[in-house]
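Only one structure is covered here, and it is reproduced in the block below.
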Amino acid sequence: MQKNEIKKPVSGTDGTENQTRQGLHFTTVRESSAIEHLQLRTLYTLWRRAGVRQEQELPSRKFVKDRELARHFPNLVVAELLRTDGQYRILAAGQPARRFWARDAGAVAEEMALRGELLLTLMRHLSANRLAVVYAGTAMIGGDPHSFHLLALPLAEDGYEMDAAMIEVAFAPLQR
């Protein structure tokens, strides 16, 4: 794909809720006002500005190397896309994010498998659509139920072909 060539997103990415084949519901984000959580809205705005500043459709991974991001967004994960089927590897993750995605002692094996499936599905979706998405769910964290909102942002070294994703998760304990 050439730099001036635009890859069209697959159908169903009109800024509304979008169900994947796995039954997950992602909502496409085209402007920050569509994001309820302030922390996630701030990250989305920074991501959009980085793409504009780099004169690219999508920001590159250089955007993530900003140390301020890790300090302000502790649940940030950077995952590299290995193949277009969504296979990935985690390149960087803050300690809270690592516990959520990789080895939360309070989560049962089934819950961890669901989180792995969520990340795989997110990577597939971002690769196909190249648009930011939000997702809301619940999870056991440290043995306690929490609601969470996540924002997944595609990254591209060439500015156009997604090759990594930046994912931030915001948590809130559920009242029992």
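Residues Val133 and Leu122 are in side-chain contact: their nearest non-hydrogen atoms beyond the backbone lie under 4.5 Å apart. In this structure, Leu81 and Tyr88 have side chains that are not in contact, with every pair of non-hydrogen atoms separated by 4.5 Å or more. Side-chain contact check for Leu153 versus Ile167: every heavy-atom pair is 4.5 Å or farther apart. Taking the side chain as every heavy atom from C-beta outward, Phe73 and Leu40 never approach each other to under 4.5 Å.
For the side chain to side chain contact (heavy atoms under 4.5 Å, CB included) criterion with Leu150, the lone passing option out of Asn75, Val134, Leu118, Leu119 is Leu118.
When all heavy atoms are compared, the tightest approach of Pro59 to Gly51 is CG-N, 3.6 Å. Closest approach of Leu155 and Ser60 over heavy atoms only: CD2-O, 3.9 Å. Closest non-hydrogen pair, Met166 versus Leu43, comes out as CE-CD1, 4.2 Å.
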Self-check item: side chain to side chain contact (heavy atoms under 4.5 Å, CB included) assessment of Leu131 paired with Val29
Solution: CA-CA 7 Å; Leu131 296 168; Val29 178; over 6 Å; no
Self-check item: Step-by-step side chain to side chain contact (heavy atoms under 4.5 Å, CB included) determination, Thr138 to His146
Solution: CA-CA 6 Å; Thr138 58; His146 285 68; over 6 Å; no
Quiz item: Are Arg130 and Leu126 close enough, and set up right, to give a side chain to side chain contact (heavy atoms under 4.5 Å, CB included), and what steps lead you there?
Solution: CA-CA 5 Å; Arg130 300 176 328 115; Leu126 290 171; over 6 Å; no
Practice problem: Apply side chain to side chain contact (heavy atoms under 4.5 Å, CB included) to Glu161 and Asp158, showing your working. | Solution: CA-CA 6 Å; Glu161 198 65 37; Asp158 67 0; 3.6 Å; yes
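Ion pair Arg41/Glu36 not flagged as a salt bridge, since none of the NZ, NE, NH1 or NH2 atoms sits closer than 4.0 Å to an Asp/Glu carboxylate oxygen. The pair Arg61-Glu80 meets the salt-bridge criterion, since a charged nitrogen lies less than 4.0 angstrom from a carboxylate oxygen.
Here the straight-line distance linking atom OG1 of Thr45 with atom CD of Glu31 works out to 10.5 Å at 0.5 Å rounding. Phe171 contributes atom CZ, which lies 10.0 Å from atom CD of Gln39 (distance to the nearest 0.5 angstrom). The CZ atom of Arg30 sits 9.5 Å away from the CZ atom of Arg48 when rounded to the nearest 0.5 Å. For the atom pair NE2 of His72 and CG of Leu76, the computed distance is 12.5 Å after rounding to the nearest 0.5 Å.
The main-chain N or O of Ala152 is never found under 3.5 Å from a side-chain atom of Tyr44 such that the two would form a donor-acceptor pair. Side-chain atoms of Glu168 do not come within 3.5 Å of backbone N or O of Leu151 as any donor-acceptor pair. At distances below 3.5 Å, not a single donor-acceptor pair connects side-chain atoms of Trp47 with backbone N or O atoms of Leu58.
Using a 30° and 60° split on the angle between ring planes, Phe26 and Tyr135 fall in the perpendicular class, above 60°.
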